[in-house]
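Working notes, beginning with the structure itself.
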Amino acid sequence: MADFTLEDSQNSAPGQPSIHEAAKLSSTSRRQDTQSVTKRLQTELMQLMLSSTPGISAFPSSPENLLNWTATISGPSDTPYASLTFKLSFQFPSSYPYAPPTVLFKTPIFHPNVDFSGRICLDILKDKWSAVYNVQSVLLSLQSLLGEPNNASPLNGQAAELWDSDPTEFKRLVLARHQDLDEE
Amino acid sequence: MTALHDQIFASVFPPPSEVDIPTPTATPILGSSGPGEPFGSQQTNISQPSFETGAAEQIKWDRAWHTATTFLSLRGEPIDAEQDEETLKGRWIKPAEPETQRALSYLLSESSSGRLIRRESNTDDLLRWYFEEVVLEHYVKHVLPSLVQILRKGQVPNALFEAGQRLHIVQSIYLHPLQNHVAQTLPNGGKSELARFETNLHGLFIHTIPQEKVVENLSGFFGQQCSLILNDVGKNGMQDSVSSVPVIRQRTLKVMQMLQNVGLGGYLAQRIFAEVMSDILTSHIKSTYAGVWTSPSCVVEHLRDWVENSFSRFVAEVLSSMKTIDASGVDELIDVTHADVEIWQEMGVNKLGVLRTDELFNVIVEWENGSQGAIEDLKRYVITPSCRTYLTTTFSSVVSHRLLQPGASTTEILQVYISIIRAFTILDPKGVLLDRVARPIRRYLRERDDTVTIVVGGLLADPEDESTSGDVLQELAIEMNKSATTKGEDEADDGDIDYDDMNWMPDPVDAGPEYKKSKNSDVIGSLVSLFESKDVFVKEFQNILGERLLKKEFEFDREIRVLELLKLRFGEAALQACEVMLRDILDSRRVDTFIHKDKELDLNDEFAPKLHTRILSHLFWPSLHSETFFIPPEVESLQCRYSTGFENLKQSRKLTWLQALGQVTVTLDLEDRTVTEEVQTWQASVIYAFQPSRSEDPSTPITRTFDELVESLQIADSLLHNALTFWIGKLVLKQTTASPPTYTVLETLNDEDAAHPGTTSAAIAAAAETATAAAAPAVLSEHEVAQEKMEVYWQYVVGMLTNGGPMPLQQIVMMLKLTVPGGFPFGNEELKDYMEGEVRGGKLDFAAGVYRIKH
């Protein structure tokens, strides 16, 4: 319970306070932090592997650093993104899970809530973040975001507009923008 | 006659070569004028020596010297030792004439004037001249070469004897004129001069004859004689030459005395004698006590007795025989005191300890056949830290050399380890030695995969069962029963020091400062504590227990008892799962009876299948085989009814059937015979599939192909193979075509069928048996569990390759090692095998050294 009250105070001021907080924790406890983050991420990975939800997957990008992950989601079938796969990058702060990971689309995507450099506007990755979220829930949220964009706060105005007005043009732009990163 | 003739001749015409003659004997003595005397005056009173003038006196001295040296000179030829004493005497010993006697006394006597004048100089010492000019020359020229030859060529102890004898003769010849003619002219009978001469002579002997030969001969001689004498005595007249022992002893002493006489005794001989006696002690102990391990041991007492009564007595005799001559002048005192005997006894005990240390491994291997006596002997030995260190290092090296080898089975090692524990507990109740010795063994045992299995298997073995093979450590079961009874006494041990304990002993000096005897130093405790945590042990116990519970009929007295005993050691909590497992099985019986009554399962006609179950609490059992396949519909319906019966009895609980576990009694009615077999469930299912279906004509033998069977039974290939081999072995099925594999029921067993596979059927049956045995274990092995986990790792690999793109094997392994909690248990090769399987399965691509996921 104490955990939750702590988070509330963090989340009340959106943006940077968590990083600020992390800096205050200073280097003495840093090592321990990294360790506990690693442990947590390992557990998350294990859960992810054991549950194997279709359409989403994630894995650490390099053996040196567990704080960088790459994730893959496939577009839900009844959306313009059907049968497309998207790569994302996860960057976990050392104060994770008390601060949200930084998530970016690596695959170019045409979506109302994603800008052209892949930044995402999603509340749970900002002020609505909570320590009970994990990689899996973030990925599921993102997957559902593909089908149900939040057109009230778009990062891509054109996409927000076309979503409602011209689904065919929207789909064409989605396909035009999408390109697989797989074989690099 | 010749000698006399020679002398007469020589007195007239002295031989020029031998001795120079200062002046002719016939020349009158003119003398010279003394100081203050008129030159040329004649002195008449020659008879008064004190007034002799210098020159006259000199002439007289020279004459006497001449006579004496002529007398003392020896023939320039070797002394022929072959001749008897008389001949030798006649040839070498000259009679002394009165003139010679006078000359000698003039030269040597204290009171003679010549002597008085020459008191200060020593150039005119006759004895010295004799030694240096005559004896030395003769010895070097004529005696030494033959001596060296004897020693070089001769057989080891005999050559010495011969040389000694020759020296003895030579010495007596050299000494003869001195003893008989010279000595009495000397003051005090010439004792000191003679002794000095003899010492010089001995020095000459010792230094001229080759030392190493003497040493070799002496030690050979001592060795031979002493071992003859002492071992006979030691073995209490076991040999037939008992009567000759005193003879040998006498001879030895005589030889010793002779050698002593010619100067070959002394320090040299004493040193060699000491060495030989030390060797004798060692070899005596070795030959008498090696392999004598009976308990109670009186070896130490026996040895002490032997040292005191045989060894020491002989040493004393030899030493005293060496002493006799020396007593004349030199003040060395060799005596055997009581303290010496005690030291020798200690030496003996030490040597025995060394012997026992070298034997220790064999002693321990033979422990079961009663070798406790050796340990009792050792106990007397390991009383100093150096002994203890010697013991542990020697034993450890033997153990690592002989026991901790890939060739030794784990059972053997454990067996020996158990014996080691027992032996060392007697040897050193404080456990310090055991602690040191056991470390490498324990480390090694931990590396062996099957150690846990064997230990647990041993605990559960039946101690009364004689028939069990050598692979089972029944030992442990026996020990377990024993320790159950003695447990009570040990309990008090773990507190602080008991102040009322009158038998309390301090820890040995070589125990570390923090040393504390581990509580688990008994056999069971040591083996159980082999493993870092008791979890490993408990887990294995659980597996084996599960196995046995599922295999055996309802008789679990042993298991219950072992479980109770383990609970005493590990506590209730650790063994809770096992407790539940046992309870499951025992409850099953009750539940089974109840359901049978409730559902009236027994009331069917006698041809309907009967079903009895074991109901297991899934959570508490180790992983079990859960392969599925279709079972005969009759049995399935029975299972359904059973399930409902169970659900009525236990609300909100469900049965999950483990088809692969269980035993079936099958009776097959074939045309010409009836076959009844106790088989595994899948074997029953397979043979049931050969039951003719409605559409088939029951009169022709039923034929099924392998693929049909897989299809209809949904059974794993391996199980089907096993079942088919089994039934072919039992001459129930026959493979008719090889491709596709087709099998037919042998309804009638005609001669050809019986005879043709007859030669091979035994082999097939054996193969089937082993196959069954291999497939039969109910509990999944460690490896199988790991294989199951591989599924999870596969998910990791999929996740990795999906997100990270294609990767080489090495990188995949690295990632797995980092990301899998608790580490990735497989190596590169194992993962590679698995990956290749997946490549074949079409889930992966492998190209240019990287794996790629297939979409």
Side-chain angles (χ1 to χ4, degrees), chain A residues 34-75 83-92 101 103-107 134-136 138-139 142-143 180-184, chain B residues 618-619 623 626 785-828 830-832 834-835 838-839 841-855:
Chain A
T34 336
Q35 259 178 11
S36 66
V37 174
T38 310
K39 191 145 195 184
R40 153 96 186 204
L41 288 174
Q42 246 183 7
T43 319
E44 279 196 27
L45 184 63
M46 189 77 186
Q47 281 169 0
L48 204 60
M49 291 299 135
L50 287 175
S51 58
S52 71
T53 321
I56 62 166
S57 92
F59 211 78
S61 324
S62 71
E64 292 84 37
N65 190 358
L66 269 184
L67 295 180
N68 289 319
W69 286 30
T70 307
T72 311
I73 57 177
S74 51
S83 79
L84 300 179
T85 56
F86 298 94
K87 292 243 185 253
L88 299 102
S89 74
F90 277 68
Q91 172 81 49
F92 298 93
V103 185
L104 292 174
F105 269 95
K106 285 301 182 190
T107 312
N134 56 29
V135 177
Q136 192 174 15
V138 167
L139 285 173
L142 286 172
Q143 201 179 26
D180 267 325
L181 293 173
D182 232 347
E183 306 301 323
E184 17 177 284
Chain B
H618 167 69
L619 275 177
S623 327
S626 55
V785 173
Q787 283 299 328
E788 272 187 2
K789 276 199 185 151
M790 202 66 192
E791 293 297 317
V792 178
Y793 303 139
W794 170 242
Q795 290 304 319
Y796 274 82
V797 173
V798 170
M800 193 189 311
L801 296 180
T802 310
N803 296 297
M807 281 182 199
L809 183 75
Q810 193 54 44
Q811 197 181 346
I812 297 175
V813 173
M814 277 216 347
M815 287 293 265
L816 283 173
K817 287 211 164 117
L818 183 84
T819 51
V820 174
F824 180 60
F826 296 105
N828 286 3
E830 282 159 296
L831 183 67
K832 194 175 169 196
Y834 187 80
M835 298 288 269
E838 295 295 339
V839 169
K843 288 187 188 161
L844 281 180
D845 263 341
F846 181 69
V850 291
Y851 290 94
R852 180 193 317 265
I853 206 102
K854 260 193 183 172
H855 291 292

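Here is the naming used below: chain letters follow the sequence lines, and residue numbers restart at 1 for every chain.
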task = For residues B:Gln795 and A:Met49, report the shortest heavy-atom separation together with the two atoms involved.
result =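 Closest approach of B:Gln795 to A:Met49: O-SD, 3.1 Å.
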
query = Atom CE of B:Met800 and atom OG1 of A:Thr70: how far apart are they, to the nearest 0.5 Å?
reply =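 Output value for this atom pair is 12.0 Å.
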
message = If I take atom OH from residue B:Tyr796 and atom CE from residue A:Met46, how far apart are they, to the nearest 0.5 angstrom?
response =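 Those atoms lie 4.5 Å apart.
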
ask   = Contact part of A:Thr72 toward chain B, heavy-atom cut-off under 4.5 Å: side chain, backbone, both or neither?
value =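 For A:Thr72, backbone and side chain are both near chain B.
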
Region of A:Ser62 in contact with chain B, defined by heavy-atom distances below 4.5 Å =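 When you check distances to chain B, only backbone atoms of A:Ser62 fall under 4.5 Å.
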
key: salt bridge (Lys or Arg N to Asp or Glu O under 4.0 Å): pairs with one or both residues in residues 44-57 of chain A, sequence neighbours excluded   =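 For residues 44-57 of chain A: A:Arg40-A:Glu44.
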
task = Identify the residue among A:Phe59, A:Phe90, A:Trp69 that makes a side-chain contact (heavy atoms from CB on, under 4.5 Å) with B:Asn803.
result =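 Passing option: A:Phe59.
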
